[in-house]
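First up is the structure itself, then whatever we jot down about it.
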There are 2 protein chains.
Amino acid sequence: MNLPERQIAETGDANRLALEGFLPYRLARAAEIISRQFATLYRERHGLTRPEWRTLATIGQFDRITATEIGAHSSMHKTKVSRAIRALEERKWITRQVDDIDRRIEHIELTREGRTHYRDLVTLARSYEAKLVQTLGETGIGQLEAGIAAIERKHT
Amino acid sequence: MNLPERQIAETGDANRLALEGFLPYRLARAAEIISRQFATLYRERHGLTRPEWRTLATIGQFDRITATEIGAHSSMHKTKVSRAIRALEERKWITRQVDDIDRRIEHIELTREGRTHYRDLVTLARSYEAKLVQTLGETGIGQLEAGIAAIERKHT
DNA sequence: CTGCGGTGGTTGCGTTCGCAACTGTTCTGC
DNA sequence: GCAGAACAGTTGCGAACGCAACCACCGCAG
């Protein structure tokens with residue numbers, strides 16, 4: 001019974017909302033902080049944008065994959081994927097080859113150079129995650145992951 | 001000792017990264033899902049954009065406030081705030097008055113109409129948060145909040 | 001009182017975004 | 001075997017973004 005004690009406590013006034021206590025806001029803010037922090041790393045080191053990093057990470061994870069699959073796996077809109085692919089292709093980090101039997105489909109793979117960058121990106125990601133564990137603490141990370149997992153569970 | 005067991009387990013290959021298991025990605029995705037879901041509500045109901053909603057929420061929380069303060073409180077860039085304020089002013093939901101002694105400063109308040117919308121927005125937010133508690137579960141929410149709190153603690 | 005650094009807020013501009021429309025191709029049903 | 005639905009991927013376009021430059025104003029030093 002009567003659950004919103006927490007929220008009321010924050011402003012002391014039921015007719016106001018404390019933005020800093022509102023979960024969607026806090027979540028968005030937290031994600032923004034982490035995302036920006038990590039983005040700085042791969043931007044400075046590889047000159048990648050956020051969509052490009054996600055695309056590269058997905059291709060590297062699967063070796064050979066199509067654009068739509070990239071979008072599905074990395075939660076990105078078709079157009080973002082398309083543009084990221086073009087950018088990576090221009091850098092010669094990936095190649096595409098049209099499928100033999102279904103010519104709508106393009107299979108994307110990493111070039112040798114792309115693979116080099118991917119490997120470096122993986123260690124970068126691992127070390128950032130490790131640093132995160134260090135600064136937030138094992139329990140903090142665990143709680144965060146559990147909370148996120150709850151969201152993932154409900155929204156496919 | 002040896003902590004990254006979790007990550008290795010996800011791909012079964014230490015040279016690859018499982019995007020879907022990478023915390024920054026998962027966090028960004030979760031935030032995106034929640035943010036969009038809630039945004040749909042206030043967009044459909046009040047025709048507000050995300051910066052406008054944050055701005056309105058902040059003004060309503062403090063009655064009388066300046067643009068810089070709004071930015072600081074809602075983690076938004078000056079220009080976003082400036083444009084949101086203009087939009088809200090055009091709708092006649094807020095008024096500004098230049099400070100008497102320091103004429104660089106503008107004090108912003110809600111109009112009666114603005115206050116009406118704000119109140120509705122607050123109940124909308126509360127009910128969305130309640131729904132969130134319901135779908136994610138008390139423990140899920142608790143864990144998520146604890147995780148976010150860890151981030152907030154470290155990054156001011 | 002004057003010049004000059006700092007601050008509140010706005011604007012210009014190039015970039016990114018996401019929707020909708022499009023091209024080219026395959027699949028389906030008749 | 002042909003018309004139309006469905007699908008992979010691209011492109012055009014208006015809206016939103018964020019940076020840097022800017023304007024107006026304050027406050028301080030000399």
Side-chain angles (χ1 to χ4, degrees), chain A residues 28-29 31-33 35-37 39-40 42-44 47-56 58-59 62 64-91 94-109, chain B residues 28-29 31-33 35-37 39-40 42-44 47-56 58-59 62 64-91 94-109:
Chain A
R29 200 178 109 89
E32 185 66 17
I33 291 170
S35 199
R36 273 182 126 81
Q37 219 173 57
T40 305
Y42 57 72
R43 202 194 54 231
E44 288 180 351
L48 290 171
T49 67
R50 217 180 56 121
E52 284 161 20
W53 133 254
R54 278 195 191 183
T55 301
L56 187 59
T58 304
I59 300 168
F62 293 104
R64 183 176 167 87
I65 192 174
T66 69
T68 347
E69 289 168 340
I70 293 172
H73 186 257
S74 63
S75 329
M76 290 196 301
H77 192 271
K78 292 162 78 172
T79 61
K80 257 188 188 169
V81 175
S82 173
R83 284 155 182 157
I85 287 175
R86 194 200 313 165
L88 292 174
E89 190 182 28
E90 278 165 6
R91 282 183 218 209
I94 63 170
T95 55
R96 355 186 178 189
Q97 41 180 294
V98 174
D99 185 282
D100 290 331
I101 50 183
D102 185 343
R103 284 182 313 189
R104 291 171 300 182
I105 297 172
E106 296 181 342
H107 298 283
I108 298 165
E109 294 180 28
Chain B
R29 200 177 110 88
E32 185 65 17
I33 290 169
S35 200
R36 273 182 126 80
Q37 217 172 59
T40 304
Y42 57 71
R43 200 195 54 229
E44 287 180 352
L48 290 172
T49 66
R50 216 179 57 120
E52 284 161 22
W53 132 254
R54 280 196 190 180
T55 300
L56 187 58
T58 304
I59 301 168
F62 292 106
R64 185 178 166 86
I65 191 173
T66 70
T68 344
E69 290 168 339
I70 292 172
H73 186 257
S74 61
S75 328
M76 289 196 300
H77 192 270
K78 291 163 80 169
T79 61
K80 258 189 188 168
V81 176
S82 174
R83 284 158 184 156
I85 287 174
R86 196 200 312 165
L88 292 174
E89 190 183 28
E90 276 166 8
R91 283 184 218 208
I94 62 170
T95 55
R96 353 185 179 191
Q97 41 179 295
V98 175
D99 186 285
D100 290 331
I101 50 184
D102 184 344
R103 284 183 310 186
R104 291 170 302 181
I105 296 172
E106 295 181 343
H107 298 281
I108 297 164
E109 293 180 29

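Because the structure is a prediction, the values reported are computed rather than measured.
- The two residues Ala87(B) and Glu52(B) have their closest heavy-atom pair at CB-OE2, 3.4 Å.
- Here the C1' atom of nucleotide dG9(C) and the CD1 atom of Ile70(B) are 12 Å apart, to the nearest Å.
- The distance between atom CD of Gln97(A) and atom P of dA8(D), rounded to the nearest whole Å, is 18 Å.
- The two residues His107(A) and Asp99(A) have their closest heavy-atom pair at NE2-OD2, 2.7 Å.
- With dG9(D), dT11(D), dA16(D) as the candidates, the nucleotide lying closest to the side chain of Arg86(A) is dT11(D).
- Note: Phe62(A) and His73(A) have perpendicular aromatic rings, judged against thresholds of 30 and 60 degrees for the angle between ring planes.
- With contacts defined as side-chain heavy-atom distances shorter than 4.5 Å, the pair Gln97(A)/Arg64(A) qualifies.
- Phosphate contact (OP1/OP2 of dG9(D), side-chain N/O of Ser82(A), threshold under 4.0 Å): absent.
- At a threshold of 4.5 Å between non-hydrogen side-chain atoms, the residues Met76(A) and Thr55(A) count as touching.
- Proximity of Leu48(A) to Leu88(A): side-chain heavy atoms (C-beta onward) are separated by under 4.5 Å at one or more points.
- One interatomic measurement links the two molecules: CZ of Arg43(A) to P of dT15(C), which rounds to 15 Å at whole-angstrom precision.
- Looking at heavy-atom distances under 4.0 Å, Arg50(A) makes no contact with the nucleic acid at all.
- Every residue meeting the side chain to side chain donor-acceptor pair (under 3.5 Å) condition with Glu32(A), not counting sequence neighbours, appears here in chain and number order: Arg36(A).
- In this structure, the side chain of Arg54(A) engages the main chain of Ser74(A) through a donor-acceptor pair within 3.5 Å.
- Rounded to whole angstrom, the span from the CE atom of Met76(A) across to the P atom of dT16(C) amounts to 14 Å.
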Between protein and nucleic acid, restricted to nucleotides 23-26 of chain D and to nitrogen or oxygen atoms under 3.5 Å apart, what atom pairs and distances do you find?
residue	atom	partner	partner atom	Å
dC26(D)	OP1	Ile101(B)	O	3.3
dC26(D)	OP1	Arg103(B)	N	3.2

Tell me which donor-acceptor pairs under 3.5 Å the side chains of residues 77-84 of chain A have, and how far apart each pair is, sequence neighbours excluded?
residue	atom	partner	partner atom	Å
His77(A)	ND1	Thr79(A)	N	3.2
His77(A)	ND1	Thr79(A)	OG1	3.0

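- Of the residues Ile70(B), Thr66(B), Thr95(B), the one that meets the side chain to side chain contact (heavy atoms under 4.5 Å, CB included) test with Ile108(B) is Ile70(B).
- Atoms CD1 (Ile105(A)) and C1' (dT10(D)) sit 16 Å apart, rounded to a whole Å.
- The CG-P distance, from Asp99(B) to dG8(C), rounds to 12 Å in whole Å.
- At whole-Å resolution of the value, CZ in Arg96(A) and P in dG24(C) are 16 Å apart.
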When you check every protein heavy atom under 4.0 Å of nucleotides 18-23 of chain C, what one-letter string (B, S, -) results, 5' to 3'? BBB---
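- Not counting sequence neighbours, the partners of Arg104(A) by the salt bridge (charged side-chain N to carboxylate O under 4.0 Å, His left out) test are Asp102(A).
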Every protein N/O within reach of nucleotides 3-5 of chain D N/O, cut-off under 3.5 Å:
none

